[in-house]
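Beneath this line is the structure, given in structure tokens, with notes to follow.
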Amino acid sequence: MRNYSTALLVTALIIVSGLQESTLGWAQQPSPMISVSLGAIEPLRGSTESAIYPEVEFSVPIYFHPNTGKTLSAALYAAYWSDGVTEFVSCGADCVAYAYRAGMLGLRLRQQLTANPVNFSIHLGLSQQFLRAKYVGGFGIVGNPGKDHSDIVRSVTSGVRVQLNLSQTLRFVGGGQIGMRLGDTNSGHKSTQWMSRFGIAYQLGSRRKAR
């Protein structure tokens, strides 16, 4: 946890540094971009090590530095995961088993570190997962079955992204993210959660010229 907190601090400092460097380029940005990605994520609960992770992201430039070509952008994304559990598998005495799935909404503040042809960037953000647990079998200590339930899980996130330009408007994107859960430490959810993804991005409109 301490190492992750240090990584968050370093990422924040780099983004702030990039923000200061880019203030001269206010409103001189590239166009917004939408991306569709597919990857893997670590479920917050259960014994499954990874789950399929589709994501859609819409990003809008905030700052653009005309000399370096680096951009600071804000991105809103939506995603989903399911641990794939469909039936009960014995997990020992006094065990109650659930199948987990979640929809996710998140916000990223992304700082580009290198320009064309390969763009490398880092980000800080927040995410909120709408977790659903479906009872699939087993009985607790007193012999009672489980019940379907739901929860909302919020996390601070940080990560990296690589972008390769395929054409004037199409981009290949890939990256990873790790989240640190906020709130009740006794909830039973994992304290950290990793995710990786690859996909295609489309830049909307043409690139504006810096003044």
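Residue numbers start at 1 and run along the sequence shown.
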Using the rule that Ile, Leu, Val, Met, Phe, Trp and Tyr join whenever any side-chain heavy atoms are under 4.5 Å apart, tell me whether Tyr53 and Tyr100 fall into a single cluster.
yes
Can you tell if the side chain of Met195 reaches within under 4.5 Å of the side chain of Met104, non-hydrogen atoms only?
no
Apply side-chain contact (heavy atoms from CB on, under 4.5 Å) to Arg161 and His123, showing your working.
CA-CA 8 Å; Arg161 187 173 95 154; His123 74 258; 5.6 Å; no
Shared ILVMFWY cluster between Phe130 and Ile52, side chains joined below 4.5 angstrom?
no
Single hit among Gln129, Glu42, Glu55 for side chain to side chain donor-acceptor pair (under 3.5 Å) with Trp81
Gln129
First locate atom OG of Ser196, then atom CG of Leu38, and finally report the distance between them rounded to the nearest 0.5 Å.
9.5 Å
Checking side-chain polar atoms at under 3.5 Å, does Gln112 have a donor or acceptor matched by the opposite partner on Gln163?
no
Closest non-hydrogen atom pair between Leu76 and Gly106, with its separation
CD1-O, 3.3 Å
All pairs passing ring-ring contact (aromatic ring centres under 6.0 Å, His included) where residues 147-177 contributes a residue, at least two apart:
Tyr98-His149
Can a donor-acceptor pair be found, under 3.5 Å and without considering hydrogens, that links the side chain of Lys70 to the backbone of Gln111?
no
Using the six-membered ring of Tyr77, assess whether NZ or CZ of Arg108 lies under 6.0 Å from its centre and within 45 degrees of the ring axis.
yes
Does Arg154 reach the main-chain N or O of Leu126 with its side chain, forming a donor-acceptor pair under 3.5 Å?
no
Is it possible for you to say whether Val160 and Leu164 belong to one hydrophobic cluster, with membership spreading through side-chain heavy-atom contacts below 4.5 Å?
yes
Arg181 side, atom CZ; Lys190 side, atom NZ - distance, nearest 0.5 Å:
11.5 Å
Would you check, one step at a time, whether the test side-chain contact (heavy atoms from CB on, under 4.5 Å) holds for Leu124 with Ser158?
CA-CA 4 Å; Leu124 282 177; Ser158 66; 3.8 Å; yes
Report yes or no: does Asp148 contribute a side-chain atom to a donor-acceptor pair with the main-chain N or O of Tyr135 at less than 3.5 Å?
yes
On a heavy-atom basis, which atom in Ala201 and which in Val173 lie closest, and how many Å separate them?
CB-CG1, 4.0 Å
Transitively linked via ILVMFWY side-chain contacts under 4.5 Å: Met33 with Phe58?
no
Approximate separation, where rounding is to 0.5 Å, of Ile200 CD1 and Ser35 OG
10.0 Å
Grouping I, L, V, M, F, W and Y whenever their side-chain heavy atoms are under 4.5 Å apart, do Ile122 and Phe198 come out in a common cluster?
yes
Keeping the roles fixed (side chain from Thr71, backbone from Pro61), state whether a donor-acceptor pair exists under 3.5 Å.
no
CG (Leu166) with more than 12 external heavy atoms under 6.0 Å:
yes
Which pair of heavy atoms, one from Ser82 and one from Ala51, lies closest together, and at what distance?
O-CB, 3.2 Å
Is there a donor-acceptor contact under 3.5 Å from the side chain of Ser31 to the main chain of Leu204?
yes
Would you mind listing every salt bridge (charged side-chain N to carboxylate O under 4.0 Å, His left out) that reaches into residues 111-127, with sequence neighbours excluded?
none
About how many Å separate CD1 of Ile62 and CZ of Arg110, when rounded to the nearest 0.5 Å?
11.0 Å
What distance separates Thr157 OG1 from Met180 CE, expressed to the nearest 0.5 Å?
10.5 Å
What do the steps show when you test Asn119 against Asn165 for side-chain contact (heavy atoms from CB on, under 4.5 Å), and what is the final call?
CA-CA 8 Å; Asn119 299 337; Asn165 297 338; 4.2 Å; yes
